[in-house]
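Encoded as structure tokens, the structure appears first; notes follow it.
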Amino acid sequence: MAIIDTQGWTRLIRNATVATCTDGRPYGLIPKGAIALAGKRIAWVGARKELPAELPKNVAHTDARGALVTPGLIDCHTHLVWAGSRYREFEQRLQGASYEDIARAGGGIASTVTATRDASENDLLTLAMGRAAKLVAEGVTALEIKSGYGLDRDNELKILRVARTLGKRLSLTVRTTLLAAHAVPPEFKDRSDDYIKCVCEDILPAAAAEGLADAVDAYCDNIGFTPAQVERVFARAQELGLAVKLHAEQFSNQQGAALAAKFKALSADHLEHLDKEGVHAMAAARTVAVLLPGAYTYLRETKLPPIELLRVHRVPIAIASDLNPGSAPLASLMLNMHLACTQFGLTTEEALLGVTRHAARALGLRKERGTIEAGKVADLVIWNAEHPAELAAQFGLVRPAAVLREGAT
Ligand code: NIG
Ligand code: FE
């Protein structure tokens, strides 16, 4: 048996059912496991019986009493900084209007832009913290936050600053994404190319200069931007050294996923209308497919993403909440795990990997987070559950008993 170096260990979690989310066996499960931490990082993980009899005296002990331990959950697609409410659109859709109809009539994203522009940074922070707190209560330790409801330089930067502050206040890992190419703002009505020019020449460089954006996203669809326009945004992002991702193939097939893959995008998201060519391109680029079953359900869509093709071509599948005021005002990543299984037919294991390992990859965090492995950051959740299938199989019943963020409770 290999000799385990216990030097530097600060905490030992024993008696745990550890879902490491690594390869090799379902969930990377270690039924009678233990995890050793050295400060902020995981120092060792393995079977209880492999632990040495003698441990350094100052190691703190946590008895998990058989409970499930997973990596901290990661919500890799949210738009949670906004003001106003779009509940009336929900009612309109129940009367037969479509998401596209409402957007074309001046509602939709545009109405949230008006409310968000009018809101102060402080008010937005309060609203966003309340929403993020719902995710944190479910064991989310890292999340992505997009802009996209400002649509001019000052308001886009305002949203990104709120996202950064939120991360500090809630001790969360926040990855920010500039989504200035979300919709055409009113001052550029019928001049979408001019707006894209403004995104490339003004908003994007300003966000990069202030270090406010970790990535750049765009909305490629009939009611969004064309692939040619997205390509201009991506080219500019690439020049500035920023990663890209794309809202692609949500309501129609624009070959957006293939375009994203061409730019080695971290992820392409939504993907209900993704075709075989798009899947091949994503597989070759190792671009993550981020599925958003909450938005699919909320909009009562019926076309399923091509799950089996994604599996066959080994495209990593992540699941996210898409938390936003229009297509997914649903502040729960665990609900999305559940819906990924019931609506999209994912397995409970795919649902868990989708909010851990593959979600970390979708945010460019795969070397640091997303699995329980020696060397990674100790973002961990101890659950009131015994088996990882419980997380997706039930909703509202499974809760974190304790959350460790970078090794601390
Ligand atoms: O991810 N479809 C584009 N963007 C968002 C929705 C934004 C909104 O309706 O406010 C989405 O679904
Ligand atoms: Fe989205």
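Read the numbers this way: they start at 1 and go in the same order the structure lists the ligands and their atoms. Values reported hereafter were calculated over all heavy atoms of this structure, with side chains retained and with hydrogens, waters and symmetry mates removed.
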Residue, atom name and distance, where the atom is the protein heavy atom closest to [atom]:
atom	result
atom 11 (C) of ligand 1	D322 OD2, 3.2 Å
atom 4 (N) of ligand 1	H182 NE2, 3.0 Å
atom 2 (N) of ligand 1	Q250 OE1, 2.9 Å
atom 12 (O) of ligand 1	S327 OG, 2.5 Å

**OP:** Angle at the Fe ion (ligand 2): provide the value between NE2 of H79 and NE2 of H247, rounding to 10 degrees.
**Re:** 100°

Original post:
Can you list the steps and then say if R357 with D23 is a salt bridge (Lys or Arg N to Asp or Glu O under 4.0 Å)?
Top reply: CA-CA 10 Å; R357 183 162 118 207; D23 263 342; 3.1 Å; yes

Subject >> Y99, Y298, W82, Y149: member with heavy atom nearest to atom 10 (O) of ligand 1 >> reply: Y149

Original post:
Between S321 and D75, do the side chains contain an N or O donor and an N or O acceptor separated by less than 3.5 Å?
Top reply: yes

**OP:** Return yes when at least one N/O/S atom of H270 is nearer than 2.8 Å to the Fe ion (ligand 2), and no when none is.
**Re:** no

Spell out, as yes or no, whether a donor-acceptor pair under 3.5 Å connects the side chain of [X] to the backbone of [Y].
X	Y	answer
D322	A295	no
Q229	T226	yes
T20	T22	yes
D217	H247	yes
R131	W82	yes

Where ligand 1 meets [X] - atom numbers and elements under 4.0 angstrom, heavy-atom basis:
X	result
H77	1 (O)
H270	1 (O), 11 (C), 12 (O)
R86	8 (C), 9 (O), 10 (O)

**OP:** With the Fe ion (ligand 2) as the reference point, give the N/O/S atom of D322 that is nearest.
**Re:** OD1

Subject >> Validation row: R236, P205 side chains within 4.5 angstrom (heavy atoms) >> reply: yes

